[in-house]
K.L.:
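This structure is in structure tokens; I'll ask about it shortly.
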Amino acid sequence: MLTSKGLYDRLLATYGPSEGWPGNRVTMMATAVMVQNTAWTAVVRAMERFPQELTAQYLLALPIEELMDYIRPCGFMRRKAETIQTVMAWYGRYDFDAAQVEAVPQERLRQELLALKGIGEETADVILLYAFHKPVFVLDAYTRRLLSRLGGTAQTDAERRVWFTAGVPEADKVYADYHWLLLEHGKRYCKKRPLCEECPLREACAQKIQEEKSS
DNA sequence: AGCCAGGGTCTAA
DNA sequence: TTAGACCATGGC
């Protein structure tokens with residue numbers, strides 16, 4: 001079976017280096033909430049509805065109904081509007097100063113984020129990685145699906161994390177690129193089974209594809 | 001026309 | 001502790 005490093009190299013060669021999560025830190029955190037169980041195109045449409053650039057202070061000062069209206073295209077607007085303000089209030093505990101946040105150990109930050117209503121493991125990890133440059137490997141629907149199709153036998157997220165991080169430099173830049181590459185790949189191929197014929201990873205997935213055909 | 005997106009929370013058993 | 005309902009909207 002393909003190794004994690006092999007997969008990373010293959011994806012990098014295919015799609016090139018990532019452009020990272022778009023927007024400044026605050027935009028990044030807000031869009032991380034907006035994209036929960038939502039297509040990225042909806043997030044883009046929501047961002048276009050805001051009358052100005054996002055800052056933490058602006059988002060905190062917005063009446064909740066107004067914030068809900070801006071993010072409407074993303075769905076789950078009641079919950080997400082509340083969560084966005086909750087995250088910004090959390091950022092306020094550090095005086096909206098990224099350097100202060102980054103000075104805190106990764107695991108403690110993770111616990112703080114997980115304690116916020118509306119922030120689960122994936123969103124917490126994405127914020128740690130892309131907003132505060134902590135070396136966290138992010139697991140999401142795409143990475144789980146792809147690992148399974150490669151023939152991975154990991155049953156839990158802990159096991160999946162071990163597989164993905166083995167043999168790969170433990171650096172936020174690498175994890176960020178890797179996560180982004182997995183998404184780029186997943187959006188193009190793994191969602192649509194017929195496209196497997198032209199997928200750059202088709203040999204690596206061959207066994208799984210065969211199993212599906214025969215069932 | 002229905003299915004599902006880069007999830008998370010709450011509740012019931 | 002785990003499965004299932006629910007949250008809302010838009011793209012395809």
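Per chain, numbering begins at 1; letters A, B, ... match sequence-line order.
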K.L.:
Using the C1' atom on both, measure B:dT9 against C:dG10 and round to a whole Å.
P.N.:
23 Å
K.L.:
Contact class for A:G120 (heavy atom, under 4.0 Å): base, sugar-phosphate, or nothing?
P.N.:
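If one applies the 4.0 Å heavy-atom cut-off, A:G120 turns out to touch the sugar-phosphate alone, with no base involved.
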K.L.:
Indicate, with a heavy-atom threshold strictly under 4.0 Å, whether A:L182 touches base, sugar-phosphate, or nothing.
P.N.:
nothing
K.L.:
Under 4.0 Å from any heavy atom of chain A: name the first and the last nucleotide of DNA chain B that qualifies, 5' to 3'.
P.N.:
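Contact span on the strand: B:dA5 to B:dC10.
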K.L.:
Base, sugar-phosphate or nothing for A:K117? Non-hydrogen atoms, less than 4.0 Å.
P.N.:
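Result for A:K117 = sugar-phosphate.
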K.L.:
At a heavy-atom distance below 4.0 Å, what parts of residues 17-26 of chain A sit against DNA chain B?
P.N.:
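Only A:W21 qualify.
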K.L.:
A:K192 or A:R79: which one's nearest nucleotide on DNA chain C is closer to the 5' end?
P.N.:
A:R79
K.L.:
Taking only the P atom of each, what is the distance from B:dG6 to C:dA5 in whole angstrom?
P.N.:
23 Å
K.L.:
Here's a test for you: under side chain to side chain contact (heavy atoms under 4.5 Å, CB included), which of A:L116, A:L60, A:V33 qualifies with A:T86?
P.N.:
A:L116
K.L.:
Can a donor-acceptor pair be found, under 3.5 Å and without considering hydrogens, that links the side chain of A:T38 to the backbone of A:C74?
P.N.:
yes
K.L.:
So among A:D125, A:T156, A:V138, which one has a side chain to side chain contact (heavy atoms under 4.5 Å, CB included) with A:R161?
P.N.:
A:D125
K.L.:
Salt bridge or not between A:D140 and A:R144? Use side-chain N to carboxylate O under 4.0 Å.
P.N.:
no
K.L.:
A:Y189 pairs by side chain to side chain contact (heavy atoms under 4.5 Å, CB included) with which of A:P200, A:C196, A:P194?
P.N.:
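The residue from A:P200, A:C196, A:P194 that satisfies side chain to side chain contact (heavy atoms under 4.5 Å, CB included) with A:Y189 turns out to be A:P200.
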K.L.:
Taking A:T83 for its side chain and A:R79 for its backbone only, find out whether a donor-acceptor pair lies under 3.5 Å.
P.N.:
yes
K.L.:
Dump the intermediate steps for ring pair (Phe, Tyr, Trp, His ring centres under 6.0 Å) on A:H179 and A:Y175, then the final yes or no.
P.N.:
CA-CA 6 Å; A:H179 179 231; A:Y175 288 170; over 10 Å; no
K.L.:
How many angstroms lie between atom CG of A:D69 and atom CZ of A:F50, to the nearest 0.5 angstrom?
P.N.:
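Going from CG on A:D69 over to CZ on A:F50, the span is 9.5 Å.
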K.L.:
Checking the side chain of A:K134 only, and the main-chain atoms of A:L128 only, is there a donor and an acceptor separated by less than 3.5 Å?
P.N.:
no
K.L.:
For DNA chain B, what residues of residues 62-73 of chain A have any heavy atom nearer than 4.0 Å?
P.N.:
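Within residues 62-73 of chain A, no residue comes under 4.0 Å of DNA chain B.
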K.L.:
Heavy atoms only, 4.0 Å cut-off, all strands: where does A:L114 land among base, sugar-phosphate and nothing?
P.N.:
nothing
K.L.:
For the pair A:E102 and A:R25, evaluate salt bridge (Lys or Arg N to Asp or Glu O under 4.0 Å) and give the outcome as yes or no after the intermediate values.
P.N.:
CA-CA 12 Å; A:E102 287 169 16; A:R25 237 175 280 267; 3.1 Å; yes
K.L.:
Could you check how far CD of A:Q36 sits from P of C:dT9, rounded to whole Å?
P.N.:
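Rounded to whole Å, this separation is 16 Å.
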K.L.:
Taking atom C1' in both C:dC6 and B:dC4, what distance in whole Å separates the two?
P.N.:
15 Å
K.L.:
Nearest heavy-atom pair of A:P22 and A:T27: which atoms, and what distance?
P.N.:
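Closest approach of A:P22 to A:T27, heavy atoms only: O-CG2, 4.4 Å.
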K.L.:
Nearest whole Å is fine: how far is C:dT1 P from A:E121 CD?
P.N.:
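From A:E121 CD to C:dT1 P: 14 Å.
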